[in-house]
Amino acid sequence: MVRVEKMKNRIPFSQRLFWSIFVMFLGFTICFLLFQYQREREFSQEKLNNVLSNYNYQLFSRTQQDTDINKTVRQFIEDIPQKELRVTIIDPNGKVLFDNSGTEEFNNHNDRSEVRKARLYNEGFAIRTSGSTGRRYFYSASNIGSYIYRSALPYDPYVQSALSTDKDFIYFMILMTLIFFFVLSRFTFSIGRTISKLRDFALNIEKDRIPENDYIFPNDELGDISKNIVTLYHQQQKAKDELSMEREKLIKHFQYAKEGFAMFTAEGKEILSNILFIQFLNVISDNQIRQAEDAQDIRELEPIKAFLNKNIPNMNRKRKVLRESVTIDKNGKIFLIECILFLDNSYEISINDISRQEEESRMKRQLTQNVAHELKTPVSSIQGYLETIISNPELTPDKRQFFLERCYSQSTRLTGLLRDISVLNRLDEASEMFDLSDINIPKLIVEIQKECSKEMEEKQITSEVILPGDPTIHGNYSLLYSIFRNLYDNAIAYAGEGSQITVNCYKEDPKFYYFSFADNGVGISEEHINRIFERFYRVDKGRSRKVGGTGLGLSIVKNGVNFHKGQISAKSSPGKGVTFFFTLKKKL
């Protein structure tokens, strides 16, 4: 849980940040100024002390050469700029041996601060008021052979000037403080502006009032973070909206699906169900069912109930998703009921009406019988012709040639039938084994027209190809070839002499090409048009066998179109020809 400390008259964060940093910098600046001022002051004192200390050693050197100290000192003072220099010589016991200040009586000078320092460190200086003269001096004492030679200058404007510190660094620090104040104010103002925008953004989110205008942040790290926060929020909102939409679509899918579906908690409480679930339960149950939770009370669903009662309490199922299914044949319907138990012990139950699948199984068995019948016809014909040839060795060459040609014709028909059955089986059971490549449809149709040119010339059939945009499909060559070749073969076989075939790509969108394949031949009556794509279905069985068809051509066309994610339909009326409309996806 997030808690925010409440403050009265809260100061903005940018101002708190500014004053916190500025006060720290100001404190540092003041400390630095004091430290630097002390260093400058000590440096000035050291500088003046070095001058006076040098005088002390010069006086010592001169007094060693001349015993008249007064004369030596006066001569020395005349040689230096500082005419008011006071010179004092102190013996090891602190007695003043010489002093040119004019004072006659002196106390013991070993207690003077500069003298004490000189006794300890050989050098010492001090600024103080003289106890002998009452004047304020800058003293510099040097310990030379246990005697103290001391020089002093009155604390007059000259000494004050010599001891004054350089003020340039103070002005420099004041300038730096002003610059820092300006830069920091700009920086904290930028931060404050960014934070204010983020706060405004957060308040708008809290009030569910997203602004229409985009937020503009500065081009810095904080701006990048802010932009990322806003971007992530919008992405999250987009994902949330998409998830909500997908959830709504999923719910709609469950509601309008062709299977009954329901989800339950581990305690058996309904989470979600659709209308078909209740309807299917009422078909299965002998009693009226009003809610999905009553499913476990149906006698026919006892295996599902036993499965749940066994596995939900079982803590040792190693966190596996379990599945159970049962088939129920009731009231003329066959239902497949599946139960999936999830890791959190919630479960779903789906009810599928598989009556149609069972009907399709029946149709497949019928198809097998049709295949056997279609295979039996050419095999019987071939066998009969060959038996006639074998049992009649005296047959004339013309008769023998006739029977052999009939055998060859039937074997060709048998080969075509087996080929078509093989193609359909591959489409049904192993469609993923078909290779894919880019197929140019105009070139493909040109090849088919060349192959069919002889038959078309014999029947005086013409062909018009209208393929704008040079359509190219990334699909399977053999299936695309079969689609157009079977349509051509079908038109050549049944449209009639003098008819015209028209191939047209009449529309194109980003995903599909839209084709029409039409002839202006004899056409097909309405009672047959809806069944022409069924396997082995023939409009005129006698005529179909006469022209050599296998009854599978249009079925291959439909399956080839389906393989390329398209749809196909046909329309016709007697005397007006047949038109096939189909779509092919540009890229699988």
Can you list, pair by pair, the side-chain donor-acceptor contacts under 3.5 Å of residues 303-312, counting residues two or more places apart and other chains?
residue, atom, partner, partner atom, Å
Asn309, ND2, Lys305, O, 3.3
Asn311, ND2, Phe307, O, 2.8

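- With a 6.0 Å radius and a threshold of 12 heavy atoms from other residues, nucleotides or ligands, Lys586 has its NZ atom above the threshold.
- Smallest separation of non-hydrogen atoms from His564 and Leu480: NE2-CG, 3.6 Å.
- Residues forming a ring pair (Phe, Tyr, Trp, His ring centres under 6.0 Å) with Phe335 (at least two apart in sequence, or on another chain): Phe280.
- Proximity of the aromatic rings of Tyr347 and Phe264 is defined here by a centroid distance below 6.0 angstrom, and this criterion is met.
- Here the closest heavy-atom approach between residue Ile439 and residue Gly475 is recorded as CG1-O, 4.1 Å.
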Open item on the list: Go through it in stages, so that I can follow the logic: the residues are Phe580 and Phe484, the test is ring pair (Phe, Tyr, Trp, His ring centres under 6.0 Å), and I'd like the CA-CA distance, side-chain angles, deciding distance and then a yes or no.
Closed with: CA-CA 11 Å; Phe580 295 90; Phe484 289 98; over 10 Å; no
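- Looking at Asn282, its side chain does come within 3.5 Å of a backbone N or O of Ile278 through a donor-acceptor pair.
- At most 12 non-hydrogen atoms from other residues, nucleotides or ligands lie less than 6.0 angstrom from CD of Gln460.
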Open item on the list: Between Ser346 and Asp344, is the side chain to side chain donor-acceptor pair (under 3.5 Å) condition met? List the steps.
Closed with: CA-CA 6 Å; Ser346 64; Asp344 60 352; 2.6 Å; yes
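- The aromatic rings of Phe581 and Tyr506 sit perpendicular, their planes meeting at an angle over 60°, well past the 30° parallel limit.
- Heavy-atom contacts from other residues, nucleotides or ligands closer than 6.0 Å to CD of Glu451 number more than 12.
- Within the 4.5 Å cutoff, the side chain of Gln449 has heavy atoms near those of the Tyr488 side chain.
- Counting heavy atoms from C-beta on, the side chains of Asn287 and Asp297 never come closer than 4.5 Å.
- Nearest heavy-atom pair across Glu293 and Gly268 is CG-O, 3.6 Å.
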